[in-house]
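Predicted model, so just to flag it, every value in this text is computed and none were measured.
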Amino acid sequence: MSDNSMTAARFTVVAEAYPGLLSRVLEPFAKRDLTPDRVRAQREGDLLRAEVALDAMPVEMIHLVAGNLGQIVGVLKVEAMEGRRIRLVA
């Protein structure tokens with residue numbers, strides 16, 4: 001029996017900065033028909049930190065998306081947080 005519960009989720013990815021990284025970070029969401037509510041990216045020297053937040057995401061998909069993000073070439077770290085309302089401040 002599958003769990004249909006939804007939760008807020010935020011994923012933070014730290015990776016080597018290279019062209020095409022952002023589109024690869026968004027791909028695991030797109031292939032699951034998930035549209036992020038917020039996306040933020042910032043270059044930090046040779047690295048890029050990308051945050052993707054969803055206000056409502058199926059709980060059972062969080063570990064799947066996090067696993068896919070960790071398989072992207074050049075990704076050094078993935079953090080997934082669930083269950084909080086996320087607000088990114090510019």
- [ ] Go through the steps for Glu51 and Arg49 under the test salt bridge (Lys or Arg N to Asp or Glu O under 4.0 Å), then give the verdict.
- [x] CA-CA 7 Å; Glu51 295 179 7; Arg49 177 181 306 273; 5.4 Å; no
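- A pairwise comparison of heavy atoms in Ser5 and Glu60 identifies O-OE1, 4.4 Å as the closest pair.
- Counting only residues at least two apart or in different chains, ring-ring contact (aromatic ring centres under 6.0 Å, His included) contacts with residues 10-33 comprise Phe11-Phe29.
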TODO: Step by step, work out the side-chain contact (heavy atoms from CB on, under 4.5 Å) result for Ile62 and Met57.
DONE: CA-CA 8 Å; Ile62 293 174; Met57 177 177 184; 3.9 Å; yes
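- Here OG1 of Thr12 is found 8.5 Å from NZ of Lys77. Values are rounded to the nearest 0.5 Å.
- Val25 and Val14 fall into different hydrophobic clusters, where Ile, Leu, Val, Met, Phe, Trp and Tyr are joined by side-chain heavy atoms under 4.5 Å apart, directly or via other members.
- The CG atom of Asn68 lies 14.0 Å from the CZ atom of Arg24; values are rounded to the nearest 0.5 Å.
- With sequence neighbours excluded, no residue forms a side-chain hydrogen bond (donor to acceptor under 3.5 Å, both in side chains) with Gln42.
- The CE atom of Met61 sits 14.0 Å away from the OG1 atom of Thr7 when rounded to the nearest 0.5 Å.
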Task: Working for side-chain contact (heavy atoms from CB on, under 4.5 Å), residues Val59 and Glu82 - done: CA-CA 8 Å; Val59 173; Glu82 66 175 279; 4.1 Å; yes
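- Between the Asp37 side chain and the Asp55 main chain, a donor and an acceptor come within less than 3.5 Å of each other.
- A search for side-chain hydrogen bond (donor to acceptor under 3.5 Å, both in side chains) contacts involving Glu16 returns nothing, not counting sequence neighbours.
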TODO: Determine, step by step, whether Ile72 and Leu21 satisfy the side-chain contact (heavy atoms from CB on, under 4.5 Å) criterion, reporting the C-alpha distance in whole Å, the side-chain angles of both residues, the deciding distance to 0.1 Å, and the verdict.
DONE: CA-CA 8 Å; Ile72 298 170; Leu21 176 69; 4.2 Å; yes
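- A donor-acceptor pair under 3.5 Å is formed between the side chain of Arg43 and the backbone N or O of Gly45.
- The cluster map of Ile, Leu, Val, Met, Phe, Trp and Tyr, joined by side-chain heavy atoms under 4.5 Å apart, puts Leu69 and Val39 in the same cluster.
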Open item on the list: Applying side-chain contact (heavy atoms from CB on, under 4.5 Å) to Arg10 and Leu54, what does each step give before you reach the verdict?
Closed with: CA-CA 6 Å; Arg10 180 177 67 188; Leu54 293 92; over 6 Å; no
